[in-house]
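A quick write-up on the structure given underneath.
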Amino acid sequence: MSIIDDALAANANAAASYDGSRSGPPKPKIAIVTCADPRLSGILRLLALDEPDVDLIRNVGTVIDDDTIRSLVISTRLLGTKEIMIINHDGCGMTTFTDAELEARLRSESTDWPIAPARFYSFTDPVQNTREQMRKTRSHPWISADVPVRGFVFDVGTGLLTEVAADEPAAG
């Protein structure tokens with residue numbers, strides 16, 4: 001049996017006691033954009049947030065791209081989300097290569113030259129990457145100025161978050 005087959009069997013058992021009271025329209029209070037890294041799978045528990053209160057948007061590298069902006073616009077403009085939290089983390093696999101290195105590897109392994117993805121969004125510094133994603137979110141005209149956008153770096157060793165200032169502190 002495959003992992004998917006096992007998951008389907010587990011779903012059939014779990015659905016027997018499923019609570020359908022959440023079947024109404026979603027009403028999240030906060031949107032969280034974070035990495036798809038499995039080490040962040042328990043992030044809602046670590047933040048003491050209830051699942052129905054969170055619009056959880058995950059992708060590899062905590063990237064604010066067209067699809068993430070689409071999700072954030074819908075979340076804030078249609079679903080009523082009042083805050084946006086961006087959570088990057090240390091030890092991210094996206095820091096272990098450059099876009100050019102991965103593209104060269106994939107082309108050499110496959111001999112194909114697809115046009116997408118145009119970028120993989122690798123980075124070297126999670127703090128700087130978080131700051132960049134905050135700026136991209138804040139600068140979008142359809143993300144209301146009254147919706148706070150705050151960024152954090154999650155320490156995978158301790159489970160603690162460190163807030164990232166929106167702008168770099170002045171040298172001094």
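What you see is a predicted model, and the numbers here were worked out from it, not measured in a lab. Residue numbers run from 1 in the order of the sequence given.
Within the 4.5 Å cutoff, side-chain heavy atoms of Cys35 are placed close to those of Cys92. When side chains are defined from C-beta on, Ile143 counts as touching Val73, because their heavy atoms get closer than 4.5 Å. Asp167 is listed as a side-chain neighbour of Arg135, based on a closest heavy-atom distance under 4.5 Å. With a 4.5 Å cut-off on side-chain heavy atoms, Met94 and Pro126 do not count as touching. Between Phe123 and Asn88 there is a side-chain heavy-atom pair separated by less than 4.5 Å. For the pair Thr162/Leu160, no side-chain contact is recorded, criterion being any heavy-atom separation below 4.5 Å from C-beta on. Counting heavy atoms from C-beta on, the side chains of Leu47 and Val54 never come closer than 4.5 Å.
Not a single salt bridge (Lys or Arg N to Asp or Glu O under 4.0 Å) links Arg58 to another residue, sequence neighbours left out.
In the displayed structure, Ile3 atom CD1 is contacted under 6.0 Å by at most 12 heavy atoms of other residues, nucleotides or ligands. Shown here is Glu109, whose CD atom has more than 12 heavy atoms of other residues, nucleotides or ligands within 6.0 Å. The number of heavy atoms from other shown groups lying within 6.0 Å of CG (Asp66) does not exceed 12.
Between the side chain of Arg39 and the backbone N or O of Gly91 there is at least one donor-acceptor pair closer than 3.5 Å. In terms of modelled atom types and a separation under 3.5 Å, the side chain of Ser144 and the main chain of Val147 share no donor-acceptor contact. The closest donor-acceptor contact from the side chain of Thr76 to the backbone of Leu72 lies under 3.5 Å. Side chain of Thr130 to main chain of Val153: no donor-acceptor pair is present (N/O by atom type, distance under 3.5 Å, no hydrogens or angles). The closest donor-acceptor contact from the side chain of Gln133 to the backbone of Ile64 lies under 3.5 Å.
For the pair Leu44 and Glu51, the tightest heavy-atom approach, listed with the atom from each and the gap, is CD1-CG, 3.9 Å. Looking at every heavy atom in both residues, Phe120 comes nearest to Asp99 through N-OD2, 3.0 Å. Closest of all the heavy-atom pairs between Pro26 and Pro28 is C-CD, 3.5 Å. What you find for Val33 and Thr62 is that their closest heavy atoms are O-CG2, 3.6 Å.
Rounding to the nearest 0.5 Å gives a distance of 13.5 Å between CG of Asp53 and NZ of Lys82. Within the model, atoms CD1 of Ile69 and NZ of Lys136 stand 8.5 Å from one another, a figure rounded to the nearest 0.5 Å. Separating the CG atom in Asp155 from the CG atom in Asp90 is a distance of 4.5 Å, to the nearest 0.5 Å. We find the CG-OG1 distance between Leu56 and Thr34 to be 7.5 Å, quoted to the nearest 0.5 Å. Within the model, atoms CG of Leu161 and CE of Met85 stand 5.0 Å from one another, a figure rounded to the nearest 0.5 Å. Rounded to the nearest 0.5 angstrom, Ile87 CD1 and Glu163 CD are separated by 11.0 Å.
Trp142 is connected to Ile86 through a chain of hydrophobic side-chain contacts under 4.5 Å among Ile, Leu, Val, Met, Phe, Trp and Tyr, so both are in one cluster. Cluster membership check: Ile30 does not share its hydrophobic cluster with Ile84, using side-chain heavy-atom separations under 4.5 Å among Ile, Leu, Val, Met, Phe, Trp and Tyr. Leu49 and Phe154 end up in the same hydrophobic cluster when Ile, Leu, Val, Met, Phe, Trp and Tyr side chains are linked at under 4.5 Å. Residues Leu102 and Val60 share a single hydrophobic cluster, defined by chaining ILVMFWY side chains whose heavy atoms lie under 4.5 Å apart. Put simply, Ile57 and Ile74 are part of two different groups of oily side chains (I, L, V, M, F, W, Y) that touch within less than 4.5 Å, one to the next.
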Q.
One pair to check against side chain to side chain contact (heavy atoms under 4.5 Å, CB included): Asp37 and Val156. What are the steps and the verdict?
A. CA-CA 10 Å; Asp37 186 313; Val156 297; 5.8 Å; no

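Salt bridge absent: Arg105 and Glu101 never bring a charged side-chain N and a carboxylate O closer than 4.0 Å.
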